[in-house]
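Heads up: the structure comes next, in structure tokens.
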2 protein chains.
Amino acid sequence: MTDSGNTTLRLSEILRRKNLSVTDSRRKILTLFLESKDALAHGNIEKKAGEKFDRVTVYRTLQTFVEKGIIHAIPTSDNSVRYALCRDCTEGHHHDDHVHFVCGNCAKTICLDDIVSPKIDLPKGYHASNVQVVINGTCSDCLVS
Amino acid sequence: MTDSGNTTLRLSEILRRKNLSVTDSRRKILTLFLESKDALAHGNIEKKAGEKFDRVTVYRTLQTFVEKGIIHAIPTSDNSVRYALCRDCTEGHHHDDHVHFVCGNCAKTICLDDIVSPKIDLPKGYHASNVQVVINGTCSDCLVS
DNA sequence: GTAACTGCAAAATATTTGCATCCTT
DNA sequence: AAGGATGCAAATATTTTGCAGTTAC
């Protein structure tokens, strides 16, 4: 991120497009997502933001972002819920049908945006609206080092 | 479940095979899983068991069962963790690579044991150990009614 | 100016830990 | 009898709610 002017514009742009008023916390939290390569859990955000804002604000902001289609929640087998930017979701309409990767070594959760979830044949009577894939394994960084 | 004698045998059998001592709570909780068609969350278990045993026991029993490969945790995008029986996992070695289905209407989570997770081509450097698929949609019961 | 957002306090939930007692083997 | 499992109490951690003050538009 070299051009902070542009970045700020972009931030406000994103928020405004979703009919959200542009506030400090929203800008900061959105920035975290834009700058992060991997998915963020609630705890990460509180810390990374440099203990600037309230835990409650983080909860509410994340919820708002999910509702508005700015970020999506990623399922994991342990308790932790992680969030990552959506590519092109709209309010109430998520279509984040891409694969998620969780590294068992560094614990990073990564969106593989370009790998779309496969079609899966379901038994009679079942209707799928959305397929989420989470792959556990070792990420490229951890395999190398 | 018509033959309760056999069922009891089966329960003890399962537990003993995993080197677990056979206790009331374990038998009861295991029974819940054997009798349930859908996955159970911690809360379900506490209730279904007829408030017989302590919340802490439920936590510990679930954890033990997961470790021993009796049940597996199913990832969901909301906070709730659900558990379902494993088919043939062993201590420390889960291979529950089947598809899970979550009904958006009745909220039931179901193991589709016979539908195995697809192979997915990952980017260079990534190594998969395990692929989990969660499909959201409408289950057969809810489509009919 | 008004509606919406934040931050604090506190309530409600959920999860973990320690320890004495009880049960399984 | 010995080791492990349970249940209670209590410590932690997590999430939600209410409300007064502040900010964006």
Side-chain angles (χ1 to χ4, degrees), chain A residues 8-32 39-68 70-71 73-83 91, chain B residues 8-33 39-68 70-71 73-83 91 107:
Chain A
T8 306
L9 252 180
R10 192 175 160 206
L11 287 172
S12 313
E13 185 76 17
I14 293 173
L15 292 171
R16 229 169 286 146
R17 223 178 263 159
K18 304 286 184 177
N19 295 313
L20 290 175
S21 47
V22 181
T23 67
D24 271 4
S25 351
R26 285 177 181 166
R27 260 203 306 260
K28 278 180 196 156
I29 293 179
L30 186 48
T31 302
L32 289 181
L40 302 174
H42 178 277
N44 295 320
I45 294 165
E46 255 188 283
K47 282 182 201 162
K48 280 207 186 182
E51 24 249 302
K52 289 281 180 177
F53 31 63
D54 201 74
R55 181 171 301 146
V56 178
T57 302
V58 176
Y59 279 115
R60 289 195 271 227
T61 304
L62 288 175
Q63 187 182 302
T64 305
F65 281 8
V66 170
E67 283 166 4
K68 294 291 184 175
I70 297 176
I71 61 176
I74 301 171
T76 54
S77 334
D78 58 330
N79 274 2
S80 70
V81 194
R82 288 170 176 274
Y83 302 90
E91 182 161 2
Chain B
T8 305
L9 252 181
R10 193 176 161 204
L11 288 172
S12 312
E13 186 75 17
I14 294 173
L15 292 171
R16 230 169 287 146
R17 222 177 264 156
K18 304 287 183 177
N19 294 313
L20 290 174
S21 47
V22 181
T23 67
D24 272 3
S25 352
R26 285 176 182 166
R27 260 204 306 260
K28 279 182 196 154
I29 294 179
L30 186 49
T31 302
L32 290 180
F33 279 108
L40 302 173
H42 178 276
N44 295 319
I45 293 166
E46 255 189 284
K47 282 182 201 161
K48 282 205 185 183
E51 24 248 304
K52 290 280 180 177
F53 32 62
D54 201 73
R55 180 170 302 143
V56 178
T57 302
V58 176
Y59 279 115
R60 289 196 270 226
T61 304
L62 289 176
Q63 187 183 301
T64 305
F65 281 8
V66 170
E67 283 166 2
K68 293 292 184 174
I70 296 177
I71 61 177
I74 301 171
T76 54
S77 334
D78 58 332
N79 275 1
S80 69
V81 194
R82 288 170 177 274
Y83 301 90
E91 182 161 3

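So you know, we letter chains A, B, ... as the sequences are listed, proteins then strands, and number each from 1.
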Q. Do A/Thr61 and A/Ile45 have side chains that get closer than 4.5 Å, going by heavy atoms?
A.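 No, side chains not in contact.
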Integer-rounded Å distance: [N] [atom2] and [X] [atom1]:
| X | N | atom1 | atom2 | value |
| --- | --- | --- | --- | --- |
| B/His42 | D/dT15 | NE2 | P | 16 Å |
| B/Tyr59 | D/dA5 | OH | P | 20 Å |
| A/Phe65 | C/dT6 | CZ | P | 9 Å |
| B/Ile45 | C/dT15 | CD1 | P | 12 Å |
| A/Glu67 | C/dA4 | CD | P | 14 Å |
| B/Asn19 | C/dT24 | CG | P | 18 Å |
| A/Arg55 | C/dT13 | CZ | P | 19 Å |
| A/Glu46 | D/dA13 | CD | P | 13 Å |

Is any side-chain nitrogen or oxygen of [X] closer than 4.0 Å to OP1 or OP2 of [N]?
| X | N | result |
| --- | --- | --- |
| A/Thr57 | C/dG7 | yes |
| B/Thr23 | D/dT6 | yes |
| A/Arg26 | C/dC5 | yes |
| A/Ser25 | C/dT6 | yes |

Q | Position toward the 5' end of DNA chain D (nearest nucleotide), A/Asp24 or A/Gln63 | A |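 On the 5' side of the pair lies A/Gln63.
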(Q) Taking the nucleotide of DNA chain D with the nearest heavy atom to each, does B/Val56 or B/Leu20 sit closer to the 5' end? (A)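 Nearer the 5' end of the strand: B/Leu20.
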(Q) By nearest atom, which of the nucleotides D/dG4, C/dT15, C/dT6 is closest to the B/Ser21 side chain? (A)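 My answer, after comparing the listed nucleotides, is D/dG4.
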Q: Please determine which of B/Leu30, B/Val22, B/Leu20 meets the side-chain contact (heavy atoms from CB on, under 4.5 Å) test together with B/Ser12.
A: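 When B/Leu30, B/Val22, B/Leu20 are each tested with B/Ser12, the side-chain contact (heavy atoms from CB on, under 4.5 Å) holds only for B/Val22.
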Q.
Rounded to the nearest 0.5 Å, what separates atom CD1 in B/Ile29 from atom OG1 in B/Thr57?
A.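 Between B/Ile29 CD1 and B/Thr57 OG1, I get 7.5 Å after rounding to 0.5 Å.
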Q. Are more than 12 heavy atoms from other residues, nucleotides or ligands located less than 6.0 Å from atom CZ of B/Arg55?
A.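 Counting other residues, nucleotides and ligands, CZ of B/Arg55 stays at 12 neighbours or fewer.
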(Q) Ignoring hydrogens, what is the shortest heavy-atom contact between A/Ala39 and A/Ile74? Give both atom names and the distance. (A)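 Here A/Ala39 and A/Ile74 meet closest at CB-CD1, 3.7 Å.
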(Q) Can you work out whether A/Asp54 or B/Val81 has the more 5'-proximal nearest nucleotide on DNA chain C? (A)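 Per heavy-atom nearest nucleotide, the more 5' residue is A/Asp54.
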Q: Would you kindly check whether a donor in the side chain of B/Arg60 faces an acceptor in the base of D/dG7, or vice versa, at under 3.5 angstrom?
A: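 Yes, the side chain and the base share a sub-3.5 Å donor-acceptor pair.
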